[in-house]
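Everything on this sheet refers to the single structure shown next.
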Amino acid sequence: MNAATDGPRVRLADIATEAGVSVATISKVLNGHADISPATRARVDALLTARGYTRRATGEKPRGDLIELVFHEFEASWSMEIIAGVEEVAKARGLAVVVTDSGGVHSLGEDWLEGALRRRPAGIVLVSSALGERQRLRLATRGIPLVIVDSAGDPPADIPSVGSANWSGGLAATRHLIELGHRRIAAITGPGDMLCSLARLDGYRTAMASAGLDVDPRWVRFGTFYVEGGRDAARDLLALEDRPTAIFAGNDLQALGVYDAARELGLRLPDELSVVGYDDIAPARWVSPALTTVHQPLRRMGAEATRMVLDAGVRSSAGVVPRMDLATHLVVRGSTASPR
């Protein structure tokens with residue numbers, strides 16, 4: 001039965017009896033065989049989940065030959081850094097990588113889950129995505145571990161996660177602008193339902209409060225983490241009568257949108273407007289002026305998540321659920337200067 005073993009109180013023989021099938025059929029369901037009717041598969045799945053059956057971690061080589069990497073939405077510059085980190089570790093372990101885009105939704109649907117169960121990956125890396133409790137239990141019955149990268153919200157207590165120091169990054173970006181002499185500093189963060197957006201905004205607010213600077217409510221905007229969101233928010237901010245002299249954008253794509261809005265108004269960067277981004281994707285170095293930004297170690301985040309998911313069997317047997325927040329740092333380039 002592969003490396004599967006029964007949980008301490010759940011026997012596959014008992015589940016087989018209750019389902020009215022053989023133990024061999026239960027094994028086929030667990031191992032993703034196609035020669036099982038949908039009705040039987042659904043009945044067995046429901047019983048495995050209801051009885052709390054999970055495969056025990058054995059520390060042996062993963063059963064599957066691939067890593068399932070799932071993005072809630074794919075953006076080439078940002079996503080490719082994470083993919084590179086995942087592929088680096090997967091290749092070293094002799095595994096392939098399958099990349100899925102969930103189409104902008106943080107909660108993955110049943111269609112994706114059914115496909116993942118058929119593919120039987122060695123592990124699943126979720127980027128800004130989440131699974132419901134029942135979905136997680138179904139993965140557990142197959143012994144398929146998962147790790148969350150850059151969780152949209154608080155990750156479940158029993159799921160390992162990798163993120164970055166978002167609050168510290170927002171703090172460093174805003175302090176840099178304050179130290180240059182800016183006092184009217186606006187922030188365009190990401191979507192309000194994402195934890196990283198709120199953490200970066202909180203870092204901005206903390207830096208402003210520590211410097212004794214009030215935050216005009218009109219200076220805070222929630223964006224989309226895309227160029228268009230940054231452009232739209234910056235247009236509104238720069239139309240204010242007493243416009244900001246600096247903008248902290250919650251990611252580099254939104255910062256590029258700020259560049260567009262500034263050019264539309266004929267504002268020179270950084271002489272008339274300073275801009276700080278977040279992520280340090282490749283285009284941040286290519287634009288003119290080069291973008292001052294917070295470096296987020298995206299490639300390392302992907303690599304650490306992959307190591308974590310492949311080592312999940314050993315770690316879970318020790319009762320440890322790893323949490324990792326990697327350090328960020330400010331990279332100063334040409335898009336920031338003292339106000340004139």
*For D311 and R93, run salt bridge (Lys or Arg N to Asp or Glu O under 4.0 Å): C-alpha distance rounded to whole Å, both residues' side-chain angles, the deciding distance at 0.1 Å, then the answer.*
CA-CA 11 Å; D311 294 341; R93 305 280 186 104; 3.6 Å; yes
Between [X] and [Y] (side chain of the first, backbone of the second, donor and acceptor by atom type, cut-off under 3.5 Å), is there such a pair?
X    : Y    : answer
D202 : R200 : no
Q296 : Y278 : no
S335 : T292 : yes
R243 : L237 : no
D279 : I281 : no
E272 : R268 : yes
S197 : G192 : no

*Non-neighbouring partners of H176 that pass ring-ring contact (aromatic ring centres under 6.0 Å, His included), sequence neighbours left out*: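 In terms of ring-ring contact (aromatic ring centres under 6.0 Å, His included), with neighbours along the sequence ignored, H176 is linked to no residue.
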*If you measure from the Lys or Arg side-chain nitrogens to the Asp or Glu carboxylate oxygens, is any gap between K91 and E87 under 4.0 Å?*
no
With the side chain counted from C-beta on, respond yes when [X] and [Y] share a heavy-atom pair under 4.5 Å apart, and no when they do not.
X    : Y    : value
R138 : L113 : yes
M208 : T174 : yes
L146 : V125 : no
W219 : I185 : no
E88  : R307 : yes

_Quick check on side-chain hydrogen bond (donor to acceptor under 3.5 Å, both in side chains): which of N251, T328, D252 does T293 satisfy it with?_
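In the set N251, T328, D252, the residue that makes a side-chain hydrogen bond (donor to acceptor under 3.5 Å, both in side chains) with T293 is D252.
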*Is atom CG of D214 surrounded by more than 12 heavy atoms (other residues, nucleotides or ligands) closer than 6.0 Å?*
no
*E304 and L326: which non-hydrogen atoms are nearest, and at how many Å?*
CG-CD1, 4.5 Å
*Taking all atoms of both residues into account, what is the closest heavy-atom pair of A90 and I67, and its distance?*
CB-CG1, 4.3 Å
*Which pairs with one or both residues in residues 325-340 pass salt bridge (Lys or Arg N to Asp or Glu O under 4.0 Å), sequence neighbours excluded?*
D271-R340, D280-R333
*asked:* Tell me whether V331 shares a hydrophobic cluster with V258, the cluster being built from Ile, Leu, Val, Met, Phe, Trp, Tyr side chains joined at under 4.5 Å.
replied: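 In one cluster with V331: V258, no.
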*Can you label the angle between the F71 ring and the W78 ring as parallel, tilted or perpendicular, going by 30° and 60°?*
perpendicular
_Contacts of type side chain to side chain contact (heavy atoms under 4.5 Å, CB included), residue A211, not counting sequence neighbours_ = I178, L213
_Among residues at least two apart in sequence or on other chains, which ones pass side chain to side chain contact (heavy atoms under 4.5 Å, CB included) with L198?_
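Side chain to side chain contact (heavy atoms under 4.5 Å, CB included) list for L198, sorted by chain: F222.
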Got a list of side-chain donor-acceptor pairs under 3.5 Å for residues 224-232, not counting sequence neighbours?
{"residue": "T224", "atom": "OG1", "partner": "Y226", "partner atom": "N", "Å": "3.1"}
{"residue": "R231", "atom": "NH2", "partner": "D260", "partner atom": "OD2", "Å": "3.1"}
{"residue": "D232", "atom": "OD1", "partner": "R235", "partner atom": "NH1", "Å": "3.4"}

_Just verifying a value: how many Å separate S79 OG and D101 CG, rounded to the nearest 0.5 Å?_
8.0 Å
*How many angstroms lie between CD1 in I159 and CG in L126, if you round to the nearest 0.5 Å?*
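Between atom CD1 of I159 and atom CG of L126 there are 8.5 Å.
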_Partner of V147 under side-chain contact (heavy atoms from CB on, under 4.5 Å), chosen from P160, S161, P322_ =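 Passing option: P160.
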*With sequence neighbours left out, write down each residue that passes side-chain hydrogen bond (donor to acceptor under 3.5 Å, both in side chains) with R119, or none if nothing qualifies.*
E68
